[in-house]
S.K.: 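I have a structure I would like to understand better, so I am pasting it below and will then ask my questions one at a time.
Below, all heavy atoms of this structure are taken into account, side chains as well, without hydrogens, waters or symmetry copies.
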Amino acid sequence: MANRRMKPSLFEELEADNESSSESRYEPLPSVWFGTDAELLEKMLDFYPHTPPTRILDATVNAGRFWSGSTRPVTGMDIDPKHKPDVVGDNTDMPFDDGSFDVIVYDPPHIPNQGKDNKKDFTSRFGLVIKSSLKQGYNFNHLYPPFVSEAFRVLKKNGILFCKIADYVHGHRFQWAHVEFINAAVAVGFTACDCIVKVRKGPITDPRWKNAHHARRHHCYWLVFRKSKKCE
């Protein structure tokens, strides 16, 4: 007697439809990004949180360029009132209760103490409200531990921290900013989950930099952390 294929049950048909629907909705993220930060943030906000975030904190909102045209529920905080953020505050001592946010976005200054010339004003371009001293190594690494401690506190369980950060050369030394930030975040309890390389349109340069002894920085990183012992 020849084998005959049995008609799938209604349950099997529904299960197959659900699997097909889930596969069609899934959009993997590339590890190298050539688009804008705003476009990437939208992708990351859909990809990493377990559920759609209802409270997002931009802890360095500045002029809010990450959220131009966005309908996300974002609270913008900045230490400089001239940007008219939702909250004027210090992201190393945040005025929020424990477990207040699903996602925090952090974009610290990328280039300290560069000043300005007749072509570029690094202070206004990169939002450098504060300077870094010789004691601090002319970098902003000292700000990372107090920030990640506060971020861990105000995030909900399984909350996500996105950090845009760039390595740079200063004082004739390569500054491993992204490594310093990862170390600081892991030390307070975050799990480092992912890293996306964001390619710039061009490297950050200054006419005073005549001879470079390091490769021009043509990229930055978006680092992804979860307030959990695991990433998934």
S.K.: Is there side-chain contact between F162 and I104, with at least one heavy-atom pair below 4.5 Å?
M.R.: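 No; the side chains remain at least 4.5 Å from each other.
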S.K.: As a quick check of understanding, evaluate side chain to side chain contact (heavy atoms under 4.5 Å, CB included) for V105 and L57, giving each step before the final call.
M.R.: CA-CA 6 Å; V105 179; L57 172 66; over 6 Å; no
S.K.: Measuring from atom CZ of F190 to atom CD1 of I182, what distance do you get when rounded to the nearest 0.5 angstrom?
M.R.: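 CD1 of I182 is found 13.0 Å from CZ of F190.
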S.K.: Rounded at 0.5 Å granularity, tell me how far OG in S70 sits from CD in E39.
M.R.: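 That separation rounds to 12.5 Å.
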S.K.: Starting at CG of D102, measure out to OG1 of T51 and round the result to the nearest 0.5 Å.
M.R.: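 Going from the CG atom of D102 to the OG1 atom of T51 covers 6.0 Å.
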S.K.: Is the closest side-chain heavy-atom distance between L45 and I56 below 4.5 Å?
M.R.: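 Yes, side chains in contact.
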S.K.: Going only through I, L, V, M, F, W and Y residues with side-chain contacts under 4.5 Å, is there a path from V88 to M77?
M.R.: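 V88 does not cluster with M77.
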S.K.: Check I79 against P81 and note the closest heavy-atom contact, atom names and distance.
M.R.: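 For I79 versus P81, the nearest heavy atoms are O-CD, 3.5 Å.
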S.K.: Cut-off 3.5 Å, side chains only: do N62 and H83 have a donor facing an acceptor?
M.R.: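 Looking only at side-chain atoms, H83 and N62 do form a donor-acceptor pair, the distance falling under 3.5 Å.
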S.K.: Are the aromatic ring centres of Y106 and F225 under 6.0 angstrom apart?
M.R.: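 Centroid distance Y106-F225: not below 6.0 Å, so no.
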S.K.: Just wondering, more than 12 heavy atoms not from D97 lying within 6.0 Å of its CG?
M.R.: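 Counting neighbours around CG of D97, 12 or fewer heavy atoms of other residues, nucleotides or ligands fall under 6.0 Å, so no.
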S.K.: Are side-chain heavy atoms of R226 and K157 found at a separation under 4.5 Å?
M.R.: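 Contact flag for R226/K157 side chains = no.
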S.K.: If you round to the nearest 0.5 Å, how far is OG1 of T60 from CZ of F66?
M.R.: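 Reported to 0.5 Å precision, the distance equals 6.5 Å.
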S.K.: Do the side chain of T191 and the main chain of C231 share a donor and acceptor less than 3.5 angstrom apart?
M.R.: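 No, T191 side chain to C231 backbone: no donor-acceptor pair under 3.5 Å.
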S.K.: Report the residues that fulfil side-chain hydrogen bond (donor to acceptor under 3.5 Å, both in side chains) with T75, sequence neighbours left out, ordered by chain and then residue number.
M.R.: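 In terms of side-chain hydrogen bond (donor to acceptor under 3.5 Å, both in side chains), with neighbours along the sequence ignored, T75 is linked to no residue.
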S.K.: Would you say P108 and C163 make side-chain contact, with heavy atoms under 4.5 Å?
M.R.: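 P108 vs C163: side chains touch.
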S.K.: On the six-membered ring of Y221, is K164 placed so that its NZ or CZ lies under 6.0 angstrom from the centre and within 45° of the ring axis?
M.R.: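 Cation-pi check for K164 and Y221: fails.
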S.K.: So which atom in V61 and which in P85 form the shortest heavy-atom distance, rounded to 0.1 Å?
M.R.: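 Residues V61 and P85, closest heavy atoms: CG1-CB, 3.8 Å.
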S.K.: Please list all pairs meeting salt bridge (charged side-chain N to carboxylate O under 4.0 Å, His left out) that have one or both residues in residues 143-152, counting only residues at least two apart or in different chains.
M.R.: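 Matches after skipping sequence neighbours: E150-R153.
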S.K.: V148 and A184: which non-hydrogen atoms are nearest, and at how many Å?
M.R.: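 The pair with the smallest heavy-atom distance is CG2-O, 3.4 Å.
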S.K.: List the steps, then state whether side chain to side chain contact (heavy atoms under 4.5 Å, CB included) holds for W176 with N183.
M.R.: CA-CA 11 Å; W176 296 90; N183 290 341; over 6 Å; no
S.K.: So which atom in I196 and which in W33 form the shortest heavy-atom distance, rounded to 0.1 Å?
M.R.: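 For I196 versus W33, the nearest heavy atoms are CG2-CB, 4.0 Å.
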S.K.: Test W222 against every option in V197, I165, L41 by the side chain to side chain contact (heavy atoms under 4.5 Å, CB included) rule and name the one that passes.
M.R.: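 The residue from V197, I165, L41 that satisfies side chain to side chain contact (heavy atoms under 4.5 Å, CB included) with W222 turns out to be L41.
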S.K.: Rounded to the nearest 0.5 Å, how far does CZ of F152 lie from NZ of K227?
M.R.: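 If I round to the nearest 0.5 Å, the distance is 5.0 Å.
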S.K.: To the nearest 0.5 Å, what is the distance between CE (M94) and OG1 (T92)?
M.R.: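 Reported value, rounded in 0.5 Å steps: 8.0 Å.
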S.K.: Under 4.5 Å between any side-chain heavy atoms of T54 and K156, yes or no?
M.R.: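 Side chain of T54 against side chain of K156, heavy atoms only: contact under 4.5 Å found.
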S.K.: Please list, chain by chain and in numerical order, all residues satisfying salt bridge (charged side-chain N to carboxylate O under 4.0 Å, His left out) with K43, sequence neighbours excluded.
M.R.: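 Counting only residues at least two positions away or on another chain, K43 forms a salt bridge (charged side-chain N to carboxylate O under 4.0 Å, His left out) with E27.
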S.K.: Not counting sequence neighbours, list each pair that qualifies as a salt bridge (charged side-chain N to carboxylate O under 4.0 Å, His left out) and has a residue in residues 52-73.
M.R.: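 Output for this query lists D37-R65, E42-R72, D46-R72.
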S.K.: Run the salt bridge (charged side-chain N to carboxylate O under 4.0 Å, His left out) test against D86 and tell me which residues pass, sequence neighbours left out.
M.R.: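 Listed in chain order: nothing, the list is empty.
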S.K.: Could you go step by step and tell me if V154 and D98 meet the side chain to side chain contact (heavy atoms under 4.5 Å, CB included) rule?
M.R.: CA-CA 4 Å; V154 303; D98 296 359; 5.6 Å; no
S.K.: What heavy-atom pair brings C220 and A166 nearest, and what distance separates the two atoms?
M.R.: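 Smallest heavy-atom distance, with atoms named: CB-CB, 3.9 Å.
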S.K.: Any salt bridge (charged side-chain N to carboxylate O under 4.0 Å, His left out) pairs touching residues 175-194, not counting sequence neighbours?
M.R.: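 Of all non-adjacent pairs touching residues 175-194, none passes salt bridge (charged side-chain N to carboxylate O under 4.0 Å, His left out).
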